[in-house]
Amino acid sequence: MTERTVFAGYVPFPEPPGLIEDYVAARSAGEEDGPPPWEIGALSPELLAPLPARLDRVCRWLNQTYAWQSRGVIPPCWKEHHHLPYEIAAFAFARLDAYADAGSTVVWHEQYERFVTRMNNTLGRSADACRAGKHDDRPAGFALAAWSPPTTDEPMETQNAES
């Protein structure tokens, strides 16, 4: 194997869709004051539409590139774990900035371990089943059912304090 072919199998990190790149550029230039692209709960439907496919490509890339141990595998049902899309979006967009300079790149790699730890802490005992394609609904669902959904535009902190 020659030096040239040693790295031939390396796949580049998935780029964001053009619409998202344009949005990020407009925000950076001060031409757009909308939410950051990783704040998926606040994005317009137009900006949100291409993100699931992009984040799925990011998950596959992270799994292919970094998941040498099973605890590092992002489960295929990541979209069904409400916290993971937020985490993955933030981590993916952070990588775009981090790779602008070597020092930031090292920090991003250090953050990868923290990402894996948070993912596994939240997935808990369901992690191995999910990684094997056997997703179970949210384990804390029974506890969350005790919280009634907000009925007004009042902040949740106020509503919960009144309960």
Side-chain angles (χ1 to χ4, degrees), residues 1-140:
M1 192 179 287
T2 67
E3 292 279 333
R4 187 174 174 88
T5 60
V6 170
F7 297 115
Y10 285 61
V11 177
F13 188 76
E15 293 294 326
L19 178 68
I20 300 295
E21 281 184 330
D22 294 346
Y23 179 73
V24 170
R27 282 187 87 245
S28 296
E31 301 164 1
E32 174 66 57
D33 65 349
W38 54 88
E39 182 54 62
I40 59 178
L43 294 177
S44 69
E46 179 187 32
L47 288 171
L48 196 56
L51 279 183
R54 195 272 170 138
L55 295 180
D56 193 67
R57 288 191 303 278
V58 167
C59 290
R60 291 169 186 272
W61 185 88
L62 288 167
N63 284 343
Q64 176 186 355
T65 306
Y66 293 103
W68 289 95
Q69 303 296 321
S70 62
R71 67 177 280 288
V73 174
I74 300 166
C77 56
W78 63 269
K79 292 176 203 157
E80 297 175 54
H81 295 275
H82 197 72
H83 71 289
L84 281 180
Y86 280 104
E87 289 271 358
I88 295 161
F91 198 58
F93 283 104
R95 189 179 189 283
L96 296 176
D97 290 337
Y99 269 66
D101 102 3
S104 296
T105 302
V106 171
V107 172
W108 185 86
H109 282 92
E110 291 169 351
Q111 291 300 320
Y112 173 74
E113 185 60 33
R114 291 180 180 171
F115 163 78
V116 169
T117 298
R118 285 190 308 274
M119 174 182 69
N120 283 311
N121 285 344
T122 306
L123 290 173
R125 286 184 265 163
S126 68
D128 289 337
C130 285
R131 288 183 179 111
K134 299 174 184 167
H135 175 76
D136 193 9
D137 285 337
R138 194 172 196 174

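Among residue pairs with one or both ends in residues 63-74, those qualifying as salt bridge (charged side-chain N to carboxylate O under 4.0 Å, His left out) are Arg71-Glu113; sequence neighbours excluded.
Heavy-atom neighbours of Asp33 CG from other residues, nucleotides or ligands within 6.0 Å: at or below the threshold of 12.
The side-chain contact (heavy atoms from CB on, under 4.5 Å) check on Ala127 picks up Asn120, Leu123, Arg131, with sequence neighbours excluded. A search for side-chain contact (heavy atoms from CB on, under 4.5 Å) contacts involving Val106 returns Glu110, not counting sequence neighbours. Legend: residues meeting side-chain contact (heavy atoms from CB on, under 4.5 Å) with Ala42, ordered by chain and number and at least two apart, are Pro35, Glu39. Applying the salt bridge (charged side-chain N to carboxylate O under 4.0 Å, His left out) rule to Arg27 yields no partners; only residues at least two apart in sequence or on another chain are considered.
Contact between Asn63 and Gly72 at its shortest, heavy atoms only, is OD1-O, 3.8 Å. Taking every heavy atom of both residues into account, Leu43 and Pro37 meet most closely at CD1-O, 3.4 Å. Scanning all heavy atoms of the two residues, the minimum distance from Ala98 to Trp108 falls at CB-CB, 3.6 Å. Between Cys130 and Pro76, the shortest heavy-atom distance links the atoms O-CD, 3.5 Å.
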Exercise for review: Evaluate the side chain to side chain contact (heavy atoms under 4.5 Å, CB included) criterion for residues Leu47 and Leu19: first the C-alpha distance (whole Å), next the side-chain angles of each, then the deciding distance (0.1 Å), finally the verdict.
Suggested key: CA-CA 7 Å; Leu47 288 171; Leu19 178 68; 3.9 Å; yes

Review point. Passes side chain to side chain contact (heavy atoms under 4.5 Å, CB included), Arg54 versus Ile20? Steps please.
Key: CA-CA 10 Å; Arg54 195 272 170 138; Ile20 300 295; 6.0 Å; no

Check your understanding: Going through the distances and angles, do Leu62 and Tyr112 end up as a side chain to side chain contact (heavy atoms under 4.5 Å, CB included)?
Key -> CA-CA 9 Å; Leu62 288 167; Tyr112 173 74; 4.2 Å; yes

Report all side-chain donor-acceptor pairs from residues 78-91 shorter than 3.5 Å, counting only partners two or more places apart or in another chain.
| from | atom 1 | to | atom 2 | distance (Å) |
| --- | --- | --- | --- | --- |
| Trp78 | NE1 | Asp56 | OD1 | 3.0 |
| Glu80 | OE1 | His135 | NE2 | 3.3 |
| His81 | NE2 | His135 | ND1 | 3.3 |
| Glu87 | OE1 | Arg118 | NE | 3.0 |
| Glu87 | OE1 | Arg118 | NH2 | 2.8 |
| Glu87 | OE2 | Arg118 | NE | 2.9 |

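Between Pro75 and Met119 the shortest side-chain heavy-atom distance falls below 4.5 Å. Using a 4.5 Å heavy-atom cutoff, the side chains of Ile40 and Leu48 are in contact.
Distance check, rounded to the nearest 0.5 Å: CD1 of Ile74 to CZ of Phe115 gives 4.0 Å.
Ring orientation note: the planes of Tyr10 and Phe7 are nearly perpendicular, at an angle over 60° on the 30°/60° scale.
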